[in-house]
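Structure first, commentary second.
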Amino acid sequence: MKLFMPNKSILIVNAISVMVAFLIHLPEMIALSDMMPDEVIFPGMHWTDVFNEVFFTYLSLLLLFFLNERLFRFGDTRVNMGWKKLLLSFLVTWIASNLLGKGFVALHQHFDIPAIDALLHHYLHPLRDFLISVVVTGSCYLMYQNRKSNMVLLENQQLRTENIANQYETLKNQLNPHMLFNSLNTLSTLIRESSDKAQDYLQELSRVLRYTLQDNDSHSVTLAEEMDFVHAYLYLLKMRYEENLNFDIRISSDALQKKLPPMAVQMLVENAVKHNEISRRHPLTVAILTSGDWITVENRIQPKLTGNTGTRIGLDNLAKRYRLLFKQEIVVKEENSCFIVRLPLI
């Protein structure tokens with residue numbers, strides 16, 4: 001039977017068979033316990049007779065379960081189990097149970113195997129065959145539905161996992177080209193201004209891009225790893241803006257091993273630089289602070305003269321990544337002329 005049923009189903013079938021075998025012969029066992037007048041209802045009955053009847057019923061139930069599994073493939077969730085097949089299973093089980101009962105009677109008569117000879121016991125056989133058929137067919141169908149339900153849940157979970165992975169890769173890939181484009185623009189400007197600065201910038205840029213490519217398969221990084229990357233990125237920014245761009249970084253050591261999506265803090269710094277005026281007249285300070293399970297990136301709002309408010313693609317993508325990976329929401333707000341973004345640390 002193990003070839004056709006998983007281990008859990010074998011245990012369930014055995015448990016059902018034992019329970020039904022005892023319940024089917026409950027009247028005989030009650031009679032033997034002197035709770036009923038056994039000499040009138042089941043004359044000449046002994047414990048060995050009842051034991052053999054219970055044991056044979058148990059074996060019959062196992063055989064009927066095996067027969068249904070082979071003929072109707074209840075264990076195969078790919079099979080469509082309609083009401084016609086279910087009715088046919090019931091009829092086959094009823095006939096097989098009746099034949100098995102007659103076979104046991106024949107064994108008793110020809111080989112003197114202990115069994116109950118009382119007339120009432122034989123009258124009860126058709127009712128017991130019917131009950132056994134209901135139990136076997138119903139149990140097979142319930143186990144089939146349970147397997148099918150579990151299979152559907154598993155498939156849905158696999159599809160959901162694949163969908164999350166695909167969405168995540170799509171969102172992450174939208175960020176990398178954007179950062180590369182901005183970095184190359186900065187490099188182009190530095191080449192015109194100073195070749196030495198451009199060379200140093202190019203070395204740091206290669207280090208930043210190498211980190212980006214190495215972490216392309218990571219869905220999350222520690223804050224310590226992210227801040228190592230951010231410091232390299234800040235060096236690139238300082239090369240261009242010099243004293244006009246400043247950073248206030250206060251990171252608690254307790255938060256360094258907590259997780260967040262890769263390049264999350266870098267993207268917020270990049271947004272602050274992109275959307276605000278940075279000049280000698282209006283220098284910009286970007287603060288990166290941790291508090292409990294949050295990291296905050298904030299800056300004073302200094303709109304560029306061009307009035308470009310941005311598309312918020314970067315923030316929207318970051319929010320989606322948090323939802324997909326951690327089921328968390330980021331906080332974006334404007335307060336006291338400051339633009340503030342708070343990211344959960346996991």
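When reading the values below, keep in mind they use all heavy atoms of this one structure, side chains included, and skip hydrogens, waters and symmetry mates.
Residue Lys102 places its NZ atom among 12 or fewer non-hydrogen atoms of other residues, nucleotides or ligands, all under 6.0 Å distant. At most 12 non-hydrogen atoms from other residues, nucleotides or ligands lie less than 6.0 angstrom from CD of Gln199. Within a 6.0 Å radius of CZ in Phe130, other residues, nucleotides and ligands contribute 12 heavy atoms or fewer.
Annotation for Ala255 and Leu345: closest pair CB-CD1, 3.9 Å, computed over non-hydrogen atoms. Residues Leu64 and Ala96 come closest through the heavy atom pair CD2-CB, 3.5 Å. Contact record, Thr296 with Glu298: CG2-OE1, 3.9 Å, taken as the closest heavy-atom pair. Looking at every heavy atom in both residues, Pro344 comes nearest to Leu260 through O-CB, 4.5 Å.
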Practice item. Could you check Tyr58 against Asn14 for side-chain contact (heavy atoms from CB on, under 4.5 Å), going step by step and ending with a plain yes or no? Key: CA-CA 8 Å; Tyr58 166 74; Asn14 272 279; 2.5 Å; yes
Review point. Side chain to side chain donor-acceptor pair (under 3.5 Å) between Ser9 and Arg147: does it pass, once the steps are laid out?
Key: CA-CA 10 Å; Ser9 295; Arg147 290 192 198 104; 2.9 Å; yes
Exercise for review: Please step through side chain to side chain donor-acceptor pair (under 3.5 Å) for the pair Ser89 and Asn68, ending with a clear verdict.
Suggested key: CA-CA 7 Å; Ser89 167; Asn68 274 275; 2.4 Å; yes
Practice item. Would you sort out whether Leu100 and Leu59 count as a side-chain contact (heavy atoms from CB on, under 4.5 Å), showing the intermediate values? Key: CA-CA 10 Å; Leu100 287 170; Leu59 293 180; over 6 Å; no
Practice item. Tell me, with the steps shown, if Glu277 and Ser279 meet side chain to side chain donor-acceptor pair (under 3.5 Å). Key: CA-CA 6 Å; Glu277 179 185 352; Ser279 63; 3.1 Å; yes
Review point. Would Phe72 and Leu86 satisfy side-chain contact (heavy atoms from CB on, under 4.5 Å), going step by step from the backbone distance to the final call?
Key: CA-CA 9 Å; Phe72 302 102; Leu86 198 62; over 6 Å; no
Exercise for review: Give the C-alpha distance, both sets of side-chain angles, the deciding distance and a yes or no for side-chain contact (heavy atoms from CB on, under 4.5 Å) between His275 and Lys304.
Suggested key: CA-CA 7 Å; His275 297 301; Lys304 290 185 175 181; over 6 Å; no
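Between Glu243 and Pro283 there is no side-chain heavy-atom pair separated by less than 4.5 Å.
In terms of modelled atom types and a separation under 3.5 Å, the side chain of Glu226 and the main chain of Ala264 share a donor-acceptor contact. Between the side chain of Asn146 and the main chain of Leu142, no donor-acceptor pair closer than 3.5 Å is present. The main-chain N or O of Leu343 is never found under 3.5 Å from a side-chain atom of Tyr322 such that the two would form a donor-acceptor pair. Between the side chain of Ser133 and the backbone N or O of Asp129 there is at least one donor-acceptor pair closer than 3.5 Å. Gln266 places no side-chain N or O within 3.5 Å of a backbone atom of Tyr233 that could act as its donor or acceptor partner. The backbone N or O of Gln203 lies less than 3.5 Å from a partner atom in the side chain of Ser206, making a donor-acceptor pair. Under the 3.5 Å distance criterion, the side-chain polar atoms of Arg321 are matched with a main-chain donor or acceptor of Pro262. In this structure a side-chain-to-backbone donor-acceptor pair under 3.5 Å is present from Asn276 to Gln302. In this structure, the side chain of Ser291 does not engage the main chain of Trp294 through any donor-acceptor pair within 3.5 Å. Without hydrogens or angle criteria, Ser97 side chain to Thr93 main chain gives no donor-acceptor distance under 3.5 Å.
Atom-to-atom distance recorded for Ile278:CD1 and Leu284:CG is 5.0 Å, nearest 0.5 angstrom. Atom CG in Asn336 sits 9.0 Å away from atom CZ in Arg300 (nearest 0.5 Å). From Glu69, atom CD reaches atom SG of Cys140 across 6.5 Å, with rounding to the nearest 0.5 Å. Going from atom CZ of Phe74 over to atom CE of Met143 covers 9.0 Å, rounded to the nearest 0.5 Å. Ile301 contributes atom CD1, which lies 10.5 Å from atom CD of Glu335 (distance to the nearest 0.5 angstrom). The CD1 atom of Ile132 sits 10.0 Å away from atom CG of Leu127, with the distance rounded to the nearest 0.5 Å.
A chain of hydrophobic side-chain contacts below 4.5 Å, direct or via other Ile, Leu, Val, Met, Phe, Trp or Tyr residues, connects Met81 to Leu71. Connection of Ile251 to Ile330 is established within a shared hydrophobic cluster, with ILVMFWY side chains joined at heavy-atom distances below 4.5 Å, either directly or through further cluster members. One hydrophobic cluster, built from ILVMFWY side chains closer than 4.5 Å, holds both Leu131 and Val134. In terms of hydrophobic clustering, with Ile, Leu, Val, Met, Phe, Trp and Tyr side chains grouped at heavy-atom distances under 4.5 Å, Phe56 and Leu67 are assigned to different clusters. Leu99 and Phe90 are assigned to two separate hydrophobic clusters, defined by single-linkage of ILVMFWY side chains at heavy-atom distances under 4.5 Å.
Asp293 pairs in a salt bridge (Lys or Arg N to Asp or Glu O under 4.0 Å) with only one of the listed residues (Arg342, Lys259, Lys258), which is Lys258. Screening Thr290, Val230, Leu234, Val286 for a side chain to side chain contact (heavy atoms under 4.5 Å, CB included) involving Ile249 leaves a single residue, Leu234.
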